[in-house]
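Beneath this line is the structure, given in structure tokens, with notes to follow.
Everything numeric here is computed off the predicted structure, so don't read it as measured data.
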Amino acid sequence: MQLASLVYLNSSEAMLVTDGSGLIITVNPAFTKVTGYTAEEVVGRSFNGLSPEQHDQAFFKTVLRVTNTQGHWAGEIGGRRKNGEDCIHWVTVNCIYNETGGVHRRVALITDITERKKSEQLIWRQANFDPLTNLPNRNMFLDRLDREIKKAFRRGQKVALMFLDLDRFKDVNDSLGHFMGDVLLREAARRLGESVRDSDSIARLGGDEFTIILGELEQTEKVDRIAEGILQRLAQPFMLGSEVAYISASIGIAVYPEDGMDSEALLKNADQAMYVAKNQGRDRFQYFTVQMQQQSRQRLRLANDLHAALSKRQLTVFYQPIVEFGGGTLAKAEALLRWRHPDLGMVSPAEFIPIAEDTGSIVDIGDWVFAVAARQVKHWRQRFHPCFQVSVNKSPVQFRKQAIEGNGWLALLRELELPGDSVVVEITEGALLEASSASREQLLVFRDAGIQVALDDFGTGYSSLAYLKKFDIDYIKIDQSFVRNMVAESSDMALCEAIVVMAHKLGIKVVAEGIETAEQYQLLKRIGCDYGQGYLISKPVPAEQFELLFATGIALPVVVG
């Protein structure tokens with residue numbers, strides 16, 4: 001008994017003893033240390049009364065019933081220390097019986113697990129919630145989506161999954177900094193929460209991507225209204241410190257069970273639909289369709305086949321003539337990539353070039369095109385025209401790669417002993433506007449090396465006119481969408497004429513693309529356009545066929561008046 005008393009008094013484990021009815025008889029010193037209550041404050045009180053705020057009487061009746069029938073009970077009991085702090089205890093209760101078999105005493109061992117529970121809660125929250133927006137993350141989202149699908153299966157209902165990507169969010173990060181970008185993301189999350197039902201679940205997958213689970217649907221009419229409401233809320237201005245930012249969103253929607261029977265299929269299909277919405281102009285929502293799935297498979301096949309296309313000699317370079325309006329002479333050519341697929345035949349550049357850019361294979365392919373075009377222009381300069389130029393298109397992906405590895409194009413020109421002005425690098429208007437500092441440095445390197453730069457698809461983007469002088473642009477290429485509908489006294493003609501006048505004022509020459517009729521040719525020449533290309537002059541042709549044009553010349557319409 002003395003030994004037991006020593007253990008009881010000196011144990012670090014809190015202990016209390018009650019009589020058979022549950023009234024506290026004694027507590028050890030560790031109990032006071034753990035709870036803050038002294039023996040005088042708790043002796044005579046009911047064990048049930050220690051945690052009235054966290055547990056009701058039904059809970060303690062259950063504990064009492066289990067200890068009476070099984071002789072022991074163990075579990076978590078929430079409590080409150082004397083200083084008012086909430087705590088969590090792991091409590092083990094054992095019974096001591098009298099000679100008649102009745103409960104004589106109950107002994108409770110109490111372990112404070114508050115900090116451990118806090119750590120577990122923190123780890124669980126970090127594993128399941130996004131720390132920036134406090135929304136569920138991908139892990140929690142997939143768990144909730146699985147549960148909604150199972151519920152919908154049992155009830156014969158539908159589940160709609162929205163995959164949302166913020167448009168132009170990168171511009172906010174680049175211009176205002178990542179701190180303001182985080183402010184915008186938190187506000188966007190708040191607006192999403194206000195746009196959906198209480199039963200719906202929002203998650204942030206990462207970056208500027210969000211998902212929304214709309215469950216318990218009989219039909220999908222509500223989905224349209226919710227999607228439209230989200231677009232309207234996100235289109236409202238965001239106050240970021242002293243700045244105002246405007247963004248929009250692209251939303252893809254997939255519906256269970258029509259578009260997928262599991263979470264993986266729904267997420268993949270909603271993602272595909274989102275990209276379609278983005279490509280269609282952004283600030284809209286798009287439902288998944290079977291056609292998207294077919295296009296995705298085709299895109300995957302092309303991406304796989306494109307990796308081997310260069311080594312298997314399936315790629316070739318065609319050249320489209322560019323004539324000078326003044327003398328009607330063949331002055332330049334644009335190098336254009338063509339892919340002859342062994343099964344699909346000629347694949348449209350509009351189809352495979354974006355894939356090459358997305359996968360990064362455009363870098364090696366672009367370097368190969370430049371090497372072929374450079375050697376070809378050297379041959380043509382030596383044989384036909386000493387000042388002939390070839391234009392080569394360059395994507396932003398290539399700029400980023402060369403900024404890291406150095407400019408191999410200039411080294412090749414030196415190796416071939418070609419002057420810089422034998423090549424014109426064509427970039428798009430959008431690429432110029434979005435150009436990184438590394439890309440801009442590359443353009444300045446080209447300028448210093450004598451390589452001329454042409455701005456392609458002019459008039460279709462949002463480039464700053466100041467960039468035309470800053471980067472010393474040599475040529476503006478009027479996009480074929482303006483030339484295609486060009487007739488006398490039309491708005492397209494007025495736009496083309498305005499572009500020509502502006503460019504000439506800045507010392508820039510103008511190339512018109514997509515010339516298909518004699519009237520277009522005559523009107524462009526009349527307004528002072530410098531160069532032209534299009535099917536009226538010639539389609540893109542292989543190098544051997546192009547050489548015939550040097551010998552035979554090009555039949556051009558006669559300009560009257």
Side-chain angles (χ1 to χ4, degrees), residues 1-129 136 139-140 142-144 146-147 150-151 154:
M1 289 181 67
Q2 287 177 344
L3 181 61
S5 178
L6 285 172
V7 171
Y8 178 73
L9 293 173
N10 294 285
S11 173
S12 60
E13 201 88 359
M15 301 180 188
L16 65 80
V17 181
T18 74
D19 61 15
S21 63
L23 295 178
I24 298 173
I25 298 174
T26 181
V27 297
N28 70 346
F31 178 89
T32 302
K33 190 173 182 180
V34 168
T35 66
Y37 290 101
T38 63
E40 292 77 9
E41 292 172 312
V42 297
V43 169
R45 290 175 57 184
S46 171
F47 175 72
N48 300 2
L50 293 180
S51 304
E53 303 88 353
Q54 281 77 11
H55 303 283
D56 56 19
Q57 288 302 310
F59 171 80
F60 287 106
K61 286 181 179 179
T62 301
V63 174
L64 186 62
R65 185 179 70 252
V66 171
T67 56
N68 287 341
T69 56
Q70 299 182 13
H72 66 275
W73 177 91
E76 291 182 10
I77 294 182
R80 183 167 293 167
R81 298 188 182 96
K82 185 177 180 180
N83 61 8
E85 294 177 353
D86 288 332
C87 55
I88 302 174
H89 295 148
W90 182 263
V91 180
T92 303
V93 181
N94 290 285
C95 292
I96 300 172
Y97 299 95
N98 56 29
E99 295 83 355
T100 62
V103 176
H104 178 58
R105 297 284 186 265
R106 292 185 179 88
V107 179
L109 303 180
I110 302 170
T111 304
D112 191 338
I113 59 172
T114 306
E115 293 306 316
R116 192 184 81 191
K117 296 296 290 186
K118 285 181 179 179
S119 297
E120 290 174 355
Q121 176 67 20
L122 177 62
I123 292 170
W124 179 84
R125 187 160 190 84
Q126 289 174 339
N128 293 283
F129 285 84
N139 187 50
M140 176 66 79
L142 291 173
D143 179 69
R144 290 186 177 180
D146 285 338
R147 285 192 277 117
K150 290 175 182 177
K151 187 195 304 182
R154 292 194 303 268

Original post:
How about N128 and R144: does a side-chain donor come under 3.5 Å of a side-chain acceptor?
Top reply: no
**OP:** Answer whether the closest heavy-atom distance between the side chains of I77 and V91 falls below 4.5 Å.
**Re:** yes
**OP:** Heavy atoms only: give me the nearest A74-T92 pair and the separation to one decimal.
**Re:** CB-OG1, 4.0 Å
**OP:** Tell me, with the steps shown, if V93 and V107 meet side chain to side chain contact (heavy atoms under 4.5 Å, CB included).
**Re:** CA-CA 6 Å; V93 181; V107 179; over 6 Å; no
Original post:
R147: what forms a salt bridge (Lys or Arg N to Asp or Glu O under 4.0 Å) with it, not counting sequence neighbours?
Top reply: D143
Original post:
Heavy atoms, side chains only, cut-off 4.5 Å: are R106 and D19 in contact?
Top reply: no
Original post:
Sub-3.5 Å donor-acceptor pair from the side chain of N28 to the main-chain atoms of M15, do we have one?
Top reply: yes
**OP:** Would you check if K61 and R65 make a side-chain contact, meaning some heavy-atom pair closer than 4.5 Å?
**Re:** no
**OP:** Report yes if some heavy atom in the side chain of H89 is under 4.5 Å from a heavy atom in the side chain of T35; otherwise report no.
**Re:** yes
**OP:** Please answer whether the main-chain N or O of T114 pairs with a side-chain N or O of D86 as donor and acceptor at a distance below 3.5 Å.
**Re:** no
Original post:
For M140 and W124, which heavy atoms make the closest approach, and how far apart are they?
Top reply: CE-CZ2, 3.5 Å
Subject >> T100 side, atom OG1; H104 side, atom NE2 - distance, nearest 0.5 Å >> reply: 10.5 Å
**OP:** Please round to the nearest 0.5 Å and tell me the distance separating atom CG of L64 and atom CH2 of W73.
**Re:** 12.0 Å
Original post:
Taking all non-hydrogen atoms of both residues, which atom of Y97 and which atom of V103 are closest, and how far apart?
Top reply: CE2-CG2, 4.0 Å
Original post:
Of the non-hydrogen atoms in C95 and T67, which two are nearest, and what is the gap between them?
Top reply: SG-O, 3.3 Å
Original post:
If you take all heavy atoms of A14 and V34, which pair is closest and at what distance?
Top reply: CB-CG2, 4.0 Å
Subject >> Option passing salt bridge (charged side-chain N to carboxylate O under 4.0 Å, His left out) with D112 (candidates K117, K118, R81) >> reply: R81
Original post:
Does the E41 side chain pair with the main chain of T38, one donor and one acceptor, at a distance under 3.5 Å?
Top reply: yes
Original post:
What closest approach, in Å, do Y37 and R80 show between heavy atoms, and which atom pair accounts for it?
Top reply: CE1-O, 3.8 Å
Subject >> Atom pair CD1/CD of I110 and E13 - distance to nearest 0.5 Å >> reply: 9.0 Å
Original post:
Are the side chains of T18 and I25 in touch, meaning some heavy atoms are under 4.5 Å apart?
Top reply: no
Subject >> side chain to side chain contact (heavy atoms under 4.5 Å, CB included) assessment of L16 paired with T26 >> reply: CA-CA 6 Å; L16 65 80; T26 181; over 6 Å; no
